[in-house]
K.L.:
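Can you read through this structure? Questions will come right after.
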Amino acid sequence: MNMTADAPLLAADGVPLAVKLKRAERRKKLRAALLVAPLAVFLLATFILPIALLLYRSVENPEVPAMLPKTVSALAGWQGQGLPDEAALGVFVQELTAAKDNKAMVGNAAKRLNMEISGYRSLLTKTVRAMPLDPAAGPLREQFVNIDERWAEADYWRVLRHQDSRYTGFYLQSSLDIKRGADDSLHMAGDDEAIYLKIFGRTLWMSAVVTLFCFLLGYPLAYWLVNLPTRKSNLLMIVVLLPFWTSVLVRVAAWIVLLQNEGLINGALMAMGFVDSPVQLAFNRIGVYIAMVHILLPFMILPVFSVMKAIPPTYMRAAVSLGSHPIPAFWKVYFPQTVAGVGAGALLVFIMSIGYYITPALLGGPDDQMVSYYVAFFTNNTVNWGMAAALGSLLLIATMALYTLYARIVGANRLSLG
Amino acid sequence: MSVASPDTDVLVSFRGVQKSYDGENLIVKHLDLDIRRGEFLTLLGPSGSGKTTCLMMLAGFETPTAGEIRLDGKLLNRVPPHKRNIGMVFQNYALFPHMTVGENLAYPLKIRKLPAAEVDAKVKRALGMVKLDKFANRYPGQMSGGQQQRVALARALVFEPQLVLMDEPLGALDKQLREHMQLEIKHIHENLGVTVVYVTHDQSEALTMSDRVAVFDKGEIQQIDPAETLYEAPVNSFVAGFIGESNAISGTIEHVDGDFCQARLTGGGSVSARAVCVRQAGQPTTLSIRPERVMLGERAVGCANRFDATIAEFIYLGDHLRLRLDFAGNSGFMVKVPVPEVDPAWQVGNRLSIGWRAEDLRALDPLAA
């Protein structure tokens, strides 16, 4: 065995070469870090932080624990039958009395409890107003039932007992149509109560349809563009990109004008005698599909085009010279090489589709709304940040799951976003 | 059946073939060409000379604007490319990147619906032929350029076509590898007896490999001959200049006498030369001589043509020395001298007598200035 082979290799000044190299590399890495630092800070502040907050909001549950911290822990010993014992009720009275002047705190807690059982809001405010109670005036149980008969029902206490944590799965469960039963077990909501799973399914289905149509329309176009002389293909590329430079809102409005019952398309169809009465094209699924495919088509064409551009025509020629008819040669030789572009385009279109809001909102009917519509509904109309954040988080998770699935099947390194 | 009774030795024949892309310019002007069975024919020419277009018409990727192409006596014009059964090797290899080497080779066999066992045997044999037995499961992207080109070669041969076309197949390789592959292709051709039509713009490649070379320029075949004839007896000044190196001297014909002629040089003096493209006195001409045919000093004594020239530059190239001479108003007159024959007394500025035999100087058509 050669001893010198084990000794570390030294640089000219006697410092081990590996150490020297590391030092040189560190300087390079530091410079790279400095160059991306402004962008990293910007992204952190405008992208990563809001998303983290959104995810946090979907499980945050501060309202009741803030107002009744001792009550919820006192209720932990309650058996779930009848009313809680006098000691627990005493803590409850103390905390209710203490919160009496803090209207905002009471309001928030009441709103939160009202999400669990409708009517809880009035119950709580009414009870707060009746505070304080005199323990000498008889058992607190009776006094509570006297304020409102609903306090005799175990359900209201059960809901209160569940507010023992600052975190809750309530919003996420609700977003997936999961309900908590009287025995505290989780179960799927019945058909009459279930809403969100259907909406998630609809969102995914509509996105899939839009992606499919973008592929069916975009792929042949990209192929044609690639095979044109450069001058012509550049010109036509501008035409493809033209819609990019118009606001989505304007384009949707234009589609409304075109597609509505008195619109240009129906007018032309009737004038030519194809139909007697207008075909319903706007404010239903068809209108949403037409506008979404139109808006998202460039996102399919561009990656497919750029991948096709890199495939020399000799591949097809080679396949044909080897004896293959041009059509099977296309599927066996050309198409597999474009899969990366198709995958990238499909992923782009699909992910953008599942977050679509304005187009279905303006061009669709009530049954064509996607998840984003309900996110907007909860933030704008009911100011229920928990539900909005939960729906948004699930959408994000679905997107990431799909991306992972795609990366597994096609391979993320083969993804070519153009 | 007077025209159609084909010479059994001829595999491919072009008759009056023309090709135009824009309806105004002919990229192939008028092509009559017979390719013999089993021969290695190279189409050589500068880019834009129409050689690749000819190959593409033969492969079926371009249709002739006029004329007919026959393969084995059968008219090809209306046969689609995938039914021609012609192997083809492309410059960028065109190996299918999503298939392994084995799958690439099996592709033409599977299209022909050969039984799996036969496909395997043929793929194995083809890989052995190009010495890549162990690479069947590699993807083309994992191989070097030379290996990929060998796979492309094997793929074009694996379905045993009677004709293989090669479109500058070695253009992307470095010089050393290219020279190695030239010999390898030549040996494969010799072993298989397949007919090869090879397109290149590299004249040394053409000379190394071919049985015959067709020199293309401006959409026409300028000369088609074996390498030696092409080099030693170019029929016009384009071929003389394109193949190898030659000194071009302009002059005017004084008189023609059978195979030989007398010409007056533009820079002064008179020479006798072999009359190739000249017919009568008064014609302008370009006289062409190979640098290695010029004799210097005492060796020039007794030559039919003798002149004095001035040494302008020495260029040392190891095995031989190149002398640039000022002669007859021509400052780029090159002479090749094997190193042992160099006289150590020669220096730049010396006067030197030069000379050559009349049959080594060829009177050709005047070169456009």
Side-chain angles (χ1 to χ4, degrees), chain A residues 215 219 222-224 226-233 303-346 406-418, chain B residues 21-22 52 55-56 58-62 79-99 103-114 126 139-141 148-149 151-161 163-169 171-172 197:
Chain A
F215 168 69
Y219 194 88
Y223 185 71
W224 181 60
V226 164
N227 288 301
L228 276 181
T230 317
R231 238 166 54 97
K232 272 190 191 165
S233 81
V304 172
F305 176 83
S306 80
V307 165
M308 283 180 172
K309 196 91 194 159
I311 302 173
T314 45
Y315 285 123
M316 277 295 283
R317 288 190 163 179
V320 169
S321 81
L322 293 170
S324 173
H325 187 274
I327 293 171
F330 182 88
W331 287 111
K332 278 263 169 95
V333 171
Y334 193 85
F335 183 75
Q337 296 187 58
T338 61
V339 164
V342 172
Y406 174 86
R408 278 276 170 78
I409 296 169
V410 182
N413 51 342
R414 288 193 55 202
L415 199 65
S416 173
L417 292 169
Chain B
Y21 286 106
D22 54 5
T52 300
L55 197 76
M56 289 301 161
L58 186 50
F61 298 124
E62 302 287 356
V79 180
H82 63 276
K83 293 208 174 128
R84 293 192 180 191
N85 210 33
I86 296 175
M88 187 143 186
V89 184
F90 297 86
Q91 179 173 5
N92 65 355
Y93 323 131
L95 295 175
F96 309 140
H98 56 293
M99 296 185 195
E103 287 165 350
N104 263 286
L105 292 194
Y107 184 81
L109 304 174
K110 284 187 177 156
I111 288 167
R112 287 168 175 76
K113 300 205 164 52
L114 263 58
Y139 283 93
Q148 290 188 46
Q149 192 51 277
V151 176
L153 197 62
R155 191 179 63 177
L157 292 164
V158 73
F159 60 100
E160 291 159 18
L163 177 63
V164 177
L165 312 180
M166 304 193 189
D167 184 12
E168 309 221 10
V197 180

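Just so we're on the same page: letters track the sequence lines, and every chain starts at 1.
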K.L.:
Specify which of A:Pro326, A:Pro312, A:Ala319, A:Ala329 makes the most heavy-atom pairs with chain B at under 4.5 Å.
P.N.:
A:Ala319

K.L.:
With chain A, which of B:Gly87, B:Gly60, B:Pro97 has the greatest number of heavy-atom pairs at distances under 4.5 Å?
P.N.:
B:Pro97

K.L.:
Given that the side chain runs from C-beta out, which part of B:Phe159 has a heavy atom under 4.5 Å from chain A: side chain, backbone, both or neither?
P.N.:
side chain

K.L.:
If you compare all heavy atoms of A:Arg317 against all heavy atoms of B:Phe61, which two are closest, and at what distance to 0.1 Å?
P.N.:
O-CZ, 3.1 Å

K.L.:
When rounded to the nearest 0.5 angstrom, what distance separates CD1 in B:Ile86 from CG in A:Leu322?
P.N.:
12.0 Å

K.L.:
So, taking the atom named OG in A:Ser324 and the one named NZ in B:Lys110, what distance separates them when rounded to the nearest 0.5 Å?
P.N.:
13.0 Å

K.L.:
Quick check for you: to the nearest 0.5 Å, what is the distance between B:Met99 atom CE and A:Lys332 atom NZ?
P.N.:
7.0 Å

K.L.:
Select one option (side chain, backbone, both, neither) describing which atoms of B:Asn85 are under 4.5 Å from chain A's heavy atoms.
P.N.:
neither

K.L.:
Where does B:Arg112 contact chain A at under 4.5 Å (heavy atoms): side chain, backbone, both or neither?
P.N.:
side chain

K.L.:
Under 4.5 Å heavy-atom distance to chain A, tell me which part of B:Leu109 shows up: side chain, backbone, both or neither.
P.N.:
neither

K.L.:
Fit a plane to each ring of B:Phe96 and A:Tyr315, take the angle between them on a 0 to 90° scale, and name the class: parallel (under 30°), tilted (30 to 60°) or perpendicular (over 60°).
P.N.:
tilted

K.L.:
So which atom in A:Ser321 and which in B:Phe90 form the shortest heavy-atom distance, rounded to 0.1 Å?
P.N.:
OG-CE1, 4.4 Å

